[in-house]
Amino acid sequence: MGKALIQRQTNIEEAANAAFWINVILGVVISNALYFSANFVAQTFFQDGRVETVLQVMTLQIFFGSVSSVHTALLQRNMDFKKLFWVRFVTVCLPGIASIPLAWYGWGHWALVAGTLAGQLAQMIMLWRMSYWRPSMAVNIGVTSEMAKFGGWVGATGLLTWFYAWADSLVVGHYLGSHDLGLFRTGCQFPAIIFALFFGPIVPVLYSQISRIGHAKDRMKEIAEFAIGMLTIVSIPVAAFLFIYSEHIEALIFGDKWNGVGVVLGVMALMHGFSWIVGMNGEFYRATGNPSCETIVTAGAMGVYLLVYLMIIHQGLRVFVWARMALAIGALVLHLIVLNKIFNVNLLLVVRRIVFISMISAFAIFYVKEFSICIFVDRWAQFIIGCLMSATAVLFSIYILERKKICLQITTMVRKNETK
């Protein structure tokens, strides 16, 4: 509902009110459903009775989110990211501050639960204090219907995204056991966090901005091509570095007890790198009032993903992660085709840049690694110097070979903004 509110250009007050009450109703329904099914979830998916009570208590988190998401969306819509920064800062810091002393006094896993809920409660209070908006009982049926339709597509996409985030782990855990599940989740989450640090802060800003010009198809095409180009220039080199230095990361950060995590980490880094090239496509679909596009594409590929998972899992974890990588490449192609259908994006330019950046990154980082191994004996020195030299080599190569295209894109966009 927050996405629907940010994209909307008319009847904002009525839309915010509709979004709030829809969220509250959904929050109550989902919280109750999770509360009463907690035992089933705990026994079926986790085989641990302790999870039941944790899930029941954590349903409060859903309620806190449902009554504060509209305030977040309005701040984001108004580009008031300074206030959102302080809200997020407190939300991130407070769980650790609250959990550590509780864990010290023997609360165990309840220390984490309490810390998480404290962070969510603080976020809700801060958002209500910082936002001017307050709900009312007046409901516009027409606006509510429009918001529900838009939000329904976004919600369906969110559920499908949850499937893609967890289905592979459920299959690995069920067929290969907890040890391989630990390797897979850790190897997948490590690069995911790194990419989130690079691109996570950009997503809300981009969506808020392009939602204002969603009706101008030519402008959206230019911004989409520029965004994909910039994502490619950043995500592919980062993925290549993590893949080539995966053995170093395993040895330096994880140690002997996590033997085998490096292979998973490296391949999953490639998967995340190629996925992020079209990682903001959903924002473009929603900004132009087409939230169903991402839902349809994601749902259409879901059956293929699940089928491949079940066919490949018996070949072992290493084969499974490479299959996961291949599926990501297929999804990349599919999303580029859809983007081309909607905005007439130049696919030849996009594909050439992906191939070009991939070749530059692989070549530069591989030889930098070999050079650092020859010069330095200490693995930390190899890794740190290799990281700095790789970044320098890749950025310099891209600047020399791509600077004219990038400068032309930036100049064109700036001139059109000045004209408008």
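Numbers for residues simply follow the sequence, beginning at 1.
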Hey, mind stepping through Trp322 and Ile312 against side-chain contact (heavy atoms from CB on, under 4.5 Å) and telling me if it holds? CA-CA 10 Å; Trp322 278 109; Ile312 297 297; over 6 Å; no

Which is it for Val321 and Leu317 under the side-chain contact (heavy atoms from CB on, under 4.5 Å) test, yes or no, and what are the steps along the way? CA-CA 6 Å; Val321 295; Leu317 184 60; 4.3 Å; yes

One pair to check against ring pair (Phe, Tyr, Trp, His ring centres under 6.0 Å): Phe320 and Phe184. What are the steps and the verdict? CA-CA 10 Å; Phe320 183 83; Phe184 180 76; 5.7 Å; yes

Verdict with reasoning, Arg185 to Trp166, per side-chain contact (heavy atoms from CB on, under 4.5 Å): CA-CA 9 Å; Arg185 286 305 301 173; Trp166 286 99; 3.7 Å; yes

For Phe356 and Thr232, run side-chain contact (heavy atoms from CB on, under 4.5 Å): C-alpha distance rounded to whole Å, both residues' side-chain angles, the deciding distance at 0.1 Å, then the answer. CA-CA 10 Å; Phe356 181 69; Thr232 303; over 6 Å; no

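Under the 4.5 Å side-chain criterion, counting only non-hydrogen atoms from C-beta, Ile228 is in contact with Leu339. Under the 4.5 Å side-chain criterion, counting only non-hydrogen atoms from C-beta, Met137 is in contact with Trp21. At least one side-chain heavy atom of Leu327 sits less than 4.5 Å from a side-chain heavy atom of Tyr309. Side-chain contact between Val172 and Ile313 is present, with at least one heavy-atom pair separated by less than 4.5 Å. Side-chain contact between Leu127 and Leu75: present, with at least one pair of heavy atoms (C-beta onward) separated by less than 4.5 Å. Contact of the Leu348 side chain with the Arg352 side chain is registered, since non-hydrogen atoms from C-beta on lie closer than 4.5 Å. Counting heavy atoms from C-beta on, the side chains of Phe284 and Ile342 never come closer than 4.5 Å. For the pair Val113/Leu117, a side-chain contact is recorded, criterion being any heavy-atom separation below 4.5 Å from C-beta on.
Contact between Met124 and Val67 at its shortest, heavy atoms only, is SD-CG2, 3.3 Å. Closest heavy-atom contact between Arg353 and Gly229: NH1-CA, 3.2 Å. Scanning both residues, Ala16 and Leu5, for their nearest heavy atoms gives N-CD1, 3.6 Å. Contact detail for Met220 and Ala287: the closest heavy-atom pair is CE-CB, 4.1 Å. The nearest pair of heavy atoms linking Thr144 to Ala18 is OG1-CB, 3.4 Å. Of all non-hydrogen atoms in Leu242 and Pro191, the two that sit nearest each other are CD1-CB, 4.0 Å.
With hydrogens and angles disregarded, a donor-acceptor distance shorter than 3.5 Å links the side chain of Thr59 to the backbone of Gln56. In this structure, the side chain of Gln61 does not engage the main chain of Gln120 through any donor-acceptor pair within 3.5 Å. Distance alone, capped at 3.5 Å, is enough to place a donor-acceptor pair between the Asn32 side chain and the Val28 backbone. Within the 3.5 Å criterion, the main-chain N or O of Phe376 finds a donor-acceptor partner in the side chain of Gln382. Of the possible donor and acceptor atoms, one in the side chain of Thr295 sits under 3.5 Å from a partner among the backbone N and O of Trp153. For Ser246 (side chain) and Phe243 (main-chain N/O), a donor-acceptor pair under 3.5 Å exists by modelled atom type. For the pair Thr392 (side chain) and Leu388 (backbone), a donor-acceptor distance under 3.5 Å is present.
Here the CD-CG distance, from Gln315 to Leu176, works out to 10.5 Å after rounding to the nearest 0.5 Å. Between the CD atom in Glu222 and the CZ atom in Phe343 there is a gap of 12.5 Å [rounded to 0.5 Å]. Rounded to the nearest 0.5 angstrom, Ile244 CD1 and Lys369 NZ are separated by 7.5 Å. Rounding to the nearest 0.5 angstrom, the gap separating the CD1 atom in Ile22 from the CG atom in Asn17 is 10.0 Å. One finds the CE atom of Met147 at 11.0 Å from the CD atom of Glu14 (value rounded to the nearest 0.5 Å). The distance from atom NE2 of His248 to atom CD1 of Ile373, rounded to the nearest 0.5 Å, is 5.0 Å.
Sparse packing is recorded around CZ of Phe371, with 12 or fewer heavy atoms of other residues, nucleotides or ligands lying under 6.0 Å away. Atom CH2 of Trp128 is surrounded by more than 12 heavy atoms from other residues, nucleotides or ligands within 6.0 Å. The number of heavy atoms from other shown groups lying within 6.0 Å of CZ (Phe63) does not exceed 12. Open room surrounds CD on Glu247; 12 or fewer heavy atoms of other groups in view lie less than 6.0 Å from it.
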Under 3.5 Å, which donor-acceptor pairs do the side chains of residues 358-366 form with other protein atoms, sequence neighbours left out?
residue : atom : partner : partner atom : Å
Ser358  : OG   : Ile354  : O            : 2.7
Ser361  : OG   : Ile357  : O            : 2.8

Per-pair distances, 0.1 Å, donor-acceptor, side chain in residues 261-283, under 3.5 Å, sequence neighbours excluded:
residue : atom : partner : partner atom : Å
His272  : NE2  : Cys188  : O            : 3.4
Ser275  : OG   : Met271  : O            : 2.8
Asn281  : ND2  : Tyr285  : OH           : 3.4
Asn281  : ND2  : His335  : O            : 3.4
Glu283  : OE1  : Lys3    : NZ           : 3.1
Glu283  : OE2  : Arg286  : NH2          : 2.8

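Between the side chains of Glu13 and Trp133, at least one donor N or O lies within less than 3.5 Å of an accepting N or O.
Note: Phe241 and Phe383 have tilted aromatic rings, judged against thresholds of 30 and 60 degrees for the angle between ring planes.
No close placement of the Tyr305 and Phe163 rings is indicated, their centers lying 6.0 Å or farther apart.
Sequence neighbours left out, the pairs with a member in residues 123-146 that pass salt bridge (Lys or Arg N to Asp or Glu O under 4.0 Å) are Arg8-Glu146.
Evaluated for a side-chain hydrogen bond (donor to acceptor under 3.5 Å, both in side chains) with Asn23, the options Ser69, Ser68, Ser66 yield exactly one hit, Ser69.
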